[in-house]
There are 2 protein chains.
Amino acid sequence: MKSNITMKDIADKLGVSSVTVSKALNDKEGVSDTLKLKIKKVAGEMGYRFNSAAKSIKDGLSYNIGVMIPQRFTGLRESFYLQVYQQIAIQLDHYGYFGILNILSSEDEEQLNFPRVYSENKVDGIIILGQVSKKYIETVQNMELPKLFLDFYDEHAAIDSIVTDNFYGAYEITNYLIQCGHRDIAFVGNIYSTSSIQDRFLGYYKSLLEHGMALNERLLLNDRDEHGAYIDIELPEQMPTAFVCNCDQVAYIFGERLNNMGYRVPDDCSIVGFDNDVYATLANPPLTTVEVDIEQMARSAVKAIMDKVSNPHRRIGRMLVQGKIIYRNSVKTLHTEPAE
Amino acid sequence: MKSNITMKDIADKLGVSSVTVSKALNDKEGVSDTLKLKIKKVAGEMGYRFNSAAKSIKDGLSYNIGVMIPQRFTGLRESFYLQVYQQIAIQLDHYGYFGILNILSSEDEEQLNFPRVYSENKVDGIIILGQVSKKYIETVQNMELPKLFLDFYDEHAAIDSIVTDNFYGAYEITNYLIQCGHRDIAFVGNIYSTSSIQDRFLGYYKSLLEHGMALNERLLLNDRDEHGAYIDIELPEQMPTAFVCNCDQVAYIFGERLNNMGYRVPDDCSIVGFDNDVYATLANPPLTTVEVDIEQMARSAVKAIMDKVSNPHRRIGRMLVQGKIIYRNSVKTLHTEPAE
DNA sequence: CTGAAAGCGCTTACAG
DNA sequence: CTGAAAGCGCTTACAG
């Protein structure tokens, strides 16, 4: 198995030099077309396979990108980041690159250990997929390697990141509810919990502001405690006509709860979610929601990291990827809003 | 960025040779402990990072394993194989290896193209995760590389594979229903659809046989057409007391249907699933099911492929990974079966 | 158009 | 205990 065919073998067989074989196989100048063709033919016949390690050592490039996901986002029921990773792998392929997955264990995160992909020079760049601790962000900063934060950002660190436009997505879907005639719209979510939820809330709030609608305590429904564990959602005395839930899973749970309480969705009240994950289609009725564009996020992330590999000084800043509204049946049109 | 520190740099700084540095950093014999320590210290200070490409070229080993997943198993709502891949990556880490994900596009599968990880010598072995076409199996066979089929097997090909023990899992969970006093147990699934479903059916059938229970047409409920699309499940005239569903998703759908028809689970009839995926916990009541042991599958797969990397002639044949029953609330105990 | 020489960073004998 | 030499497979100048 270790008896791999090398360029030298092809060269010997043809009585040429390995330099010529290299040029021919790489379609470089300096070989006659006849010879080039012959070399390629023989290479195919001999089952020649390119040794990328040899090229790597010459170029100082591994042609791999590391994707690091913190362990705590990798539960058996969570697959969002794996989906993103998959799309990244597909996009990397277009550049002749490969993706190496690196689950960041909680110990390594605490002890601020460099990932093995870095200390073994296995990758030309690294995408950190999912929020890591402040301390670990510093560790990442110390890595001499192009790096990119995906799906989160750091307020202080001048680092490149790509995130979903939570703010705009929530803004848009709230606008949609208002267009459908809703005037009493609540937000469901703990706005102190994560920055995504906070941003989604602010998008919702902007929509309210723009339409001259007041926000008050009554319209803020908490969905989880400080540990992120879901709690029973308390309804206000007077029912709003619509609810902007911070994510599909919460919308799903909330919908079930409304059902049990005798409210019908969307007849008695409308619900929208965010993410467009399994819960959006599992809900009854299926949810109108904001789809996070995983493919686009991966595409942008890969483009950004490849840019940085070829030009390490390249800065991209904080980049937003827009989602899009998926219309389903969880929203009732009360009356159509006249054009403003 | 390309100005990486090499062993030579450390050697020069210390006035020794790079051979000595190599020995020291690799904890090999032939360097005094004092020097060894000093070298390690300086290496740390200089931020030395090992160049694995150089080692690769010497050893003829990439220290990567490719994991190939056919595109059609990578839908937005399917994450099972990604979960397996993730576990594989974690297991590979224990061996100092990395996992490279390779989504096999439908075109490549049809045109019988070798994966790029292979033609570029990027991996020391490859795990094919998920059923590929007969033709493509042949293509895989032609790859001169340790390879392993995961979660499917080929009847003809003398190839190494690791699969969940569908047969035994279904056998066990059917036994459990019988222990709970059920005597009229149906199987829900198209037994001509996939080999997993067929094997699960046969496990169910074995349990019936062992308990002297007859199988007849009435107890076989089809759940999908020849294209794999779900169809409405037709209930027999006389209701069985329990249903062995071929997977959790079908159990979930079937449960909803029973609910709508006025049957209560588990009071009116019991249901069990298979897989222990999201649907198992989403179902109401949550499903008793057979958990597919993803971690164990990954562990076995990685061990097998690593064995084959060090010894290419190693054969492991067809290896089964046992699942385990997860007890929840979808089964009613009719009366306890006395010990046989 | 073709090839000899040197080098990428490391390791493996082998010599001292 | 330490190091000079050779080599892994390829590519990049450079010479002919």
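Throughout, protein chains are lettered first and strands after them, A, B, ... in sequence-line order, and every chain is numbered starting at 1.
Ionic pairing of B:Arg318 and B:Asp154 is not present here: no N-O contact between side-chain nitrogen and carboxylate oxygen is shorter than 4.0 angstrom. Under a 4.0 Å N-O distance rule, the pair A:Asp9/A:Lys13 does not qualify as a salt bridge. Using a 4.0 Å cut-off between charged nitrogen and carboxylate oxygen, A:Arg72 and A:Glu109 count as a salt-bridge pair.
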note = For nucleotides 10-16 of chain C, 5' to 3', base contacts (B), sugar-phosphate-only contacts (S) and non-contacts (-) with protein non-hydrogen atoms under 4.0 Å give BBB----
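Remark: aromatic rings of B:Tyr63 and B:Tyr95 are distant, center separation not under 6.0 Å.
Within residues 33-42 of chain A, the residues approaching DNA chain C are A:Leu35, by heavy-atom distance under 4.0 Å.
In this structure, B:Asp9 places its CG atom 8 Å from P of C:dG9, rounding to the nearest Å. Distance CE (A:Met46) to P (D:dG9): 13 Å, rounded to an integer number of Å.
Contact annotation: the side chain of B:Asp307 never approaches that of B:Ile316 to less than 4.5 Å [non-hydrogen atoms, C-beta and beyond]. Using a 4.5 Å heavy-atom cutoff, the side chains of B:Phe149 and B:Val163 are not in contact.
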remark   = DNA chain D in dot-bracket form (Watson-Crick or G-U pairs under 3.5 Å, [ ] crossing, | inter-strand) is |||.||||||||.|||
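Between the side chains of B:Tyr48 and B:Asn4, no donor N or O sits under 3.5 Å from an acceptor N or O. Between A:Ser106 and A:Glu110, the side chains place no donor N or O within less than 3.5 Å of an acceptor N or O (distance only, hydrogens not considered).
Contact annotation: A:Thr20 reaches the phosphate of C:dG3 (side-chain N/O to OP1 or OP2, under 4.0 Å).
When each of B:Asn113, B:Asn102, B:Thr139 is checked for a side chain to side chain donor-acceptor pair (under 3.5 Å) with B:Asp108, only B:Asn113 meets the rule.
Smallest separation of non-hydrogen atoms from B:Ala11 and B:Ser18: CB-N, 3.6 Å.
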